[in-house]
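The structure appears right after this line, and notes come after that.
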Number of protein chains: 2
Amino acid sequence: MNMTNVLSELSNCSGVSEVLGRIGDKWTVQIVVVLSRQPERFNSIKRQVPGISQQMLTRTLKALERDGLVDRSVRHTTPPQVEYSLTKTGVSLAEAVRHLAAWAIEHREFIRDSRARYDDAR
Amino acid sequence: MNMTNVLSELSNCSGVSEVLGRIGDKWTVQIVVVLSRQPERFNSIKRQVPGISQQMLTRTLKALERDGLVDRSVRHTTPPQVEYSLTKTGVSLAEAVRHLAAWAIEHREFIRDSRARYDDAR
DNA sequence: CAGTATCCCGGTGGATACTG
DNA sequence: CAGTATCCACCGGGATACTG
């Protein structure tokens, strides 16, 4: 699909904002990035995402699993081990996010400065 | 900046989620896309973004202006005319968003199907 | 035309306690 | 270890009325 089509789809508001809202929440991207390095277990993810609560980690992982972006595999040992990993589509999301992250990092200072100037002007 | 650096920045949670949260709200992307075609006046934007309230359009445009992504120019006629346009950085955001939009469109069906299967399984 | 000013609801996400 | 279950605070965003 080329950029012209993408733009026309965008103008039709066809689910793009829906997806953006989906990954634009407080935790999804951070979890995807952690899993993009290697599969991880529940508490290992929790340690690598500072500030996240158990509940939100559970919720977000479930949502990612529901969307087919994350696989959940259980080893019935005692204690049980559960490993989370990105699916193929999940990996492609991580790639896409990396591009937006590049933009964010590149323009972070500019935005900070713009805000400071805007706020000073009042 | 290369992808390795981006990934390491991401793991440091350095403001990437902040930016994603910034543009991941309900209206920002749609407004940016409208303005990416050409500069527009207040009510023209409102007409092109179905469902947005006056208040949210005002709020979102102000936030974009504060971040240096949108320019606001006033013509002191009667009635007054106000034209909004993307700044250079705003244009680059539109480009970045277009990439993520491409991902969203490409994987929309897959996500819909995944959800349906997941929900059916309960 | 291009906004402000209020009021209010619902959902996201935090804290905490409990469980197989 | 890997979750569930509750309760609750905050605020994004809708509806509506008003203004220079």
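We name chains A, B, ... by the order of the sequence lines, and we start the count at 1 in each one. These figures come from a predicted structure and were not determined experimentally.
Side chains of A:R66 and B:S114: a donor-acceptor N/O pair is absent below 3.5 angstrom, by distance only.
Judged by Watson-Crick or G-U wobble contacts below 3.5 Å, the nucleotide C:dT19 has D:dA2 as its partner. Of the nucleotides present, D:dC11 is the one that pairs with C:dG10 by Watson-Crick or G-U wobble criteria, both distances under 3.5 Å.
Put simply, A:R59 has no side-chain N or O that comes within less than 4.0 Å of OP1 or OP2 on D:dA2. The side chain of A:Y84 places an N or O atom within less than 4.0 Å of a non-bridging phosphate oxygen (OP1 or OP2) of D:dG3.
Here C:dC1 presents its C1' atom at 14 Å from CD of B:E83, a figure rounded to the nearest Å. In this structure, CE of B:M56 is placed 9 Å from C1' of D:dG14, rounded to the nearest angstrom. The interatomic distance linking A:R22 (CZ) with C:dG11 (P) rounds to 17 Å, in whole Å. Between B:R75 atom CZ and C:dA2 atom P there is a gap of 13 Å when expressed in whole angstrom units. C:dT12 atom P lies 15 Å from atom CG of B:D25, rounded to whole Å. Note: CD (A:Q30) to P (C:dG13) measures 11 Å, nearest angstrom. Separating the CG atom of B:L57 from the P atom of C:dT4 is a distance of 11 Å, rounded to the nearest angstrom. Remark: P of D:dG3 and CG of A:L61 are 8 Å apart, rounded to the nearest angstrom.
Between C:dG14, C:dT4, C:dA2, one nucleotide has an atom nearer to the side chain of B:T58 than all others, and that is C:dT4. Here C:dG3 is the nucleotide among D:dG13, D:dG3, C:dG3 with the atom lying nearest to any side-chain atom of B:V82. The listed nucleotides are D:dG3, C:dG13, D:dG13; the one nearest the side chain of A:Q54 is D:dG3. Considering only side-chain atoms of B:K26, the nucleotide from C:dG3, C:dC1, D:dG13 that sits closest is D:dG13. Of all nucleotides listed (C:dG14, D:dT4, D:dC1), D:dC1 comes nearest to the side chain of A:N43. Relative to the side chain of A:Q55, the nucleotides C:dA15, C:dA2, D:dG14 differ in distance, and C:dA15 lies closest.
Among the heavy atoms of the strands lying under 4.0 Å from A:K62 are primed sugar atoms or P, OP1, OP2 only; no base atom is included. Among the atoms of the strands shown, only primed sugar atoms or phosphate atoms (P, OP1, OP2) are found under 4.0 Å from some heavy atom of A:R72.
A distance of 8.0 Å separates CG of A:L20 from CG of A:L100, quoted to the nearest 0.5 Å.
Note on ring orientation: taking the six-membered ring where Trp is involved, the planes of A:Y84 and A:F42 are tilted (angle from 30° to 60°).
Residues A:I23 and A:V29 approach most closely at O-CG2, 3.5 Å, considering heavy atoms.
Among B:T87, B:L35, B:I31, the single residue meeting the side chain to side chain contact (heavy atoms under 4.5 Å, CB included) criterion with B:V70 is B:L35.
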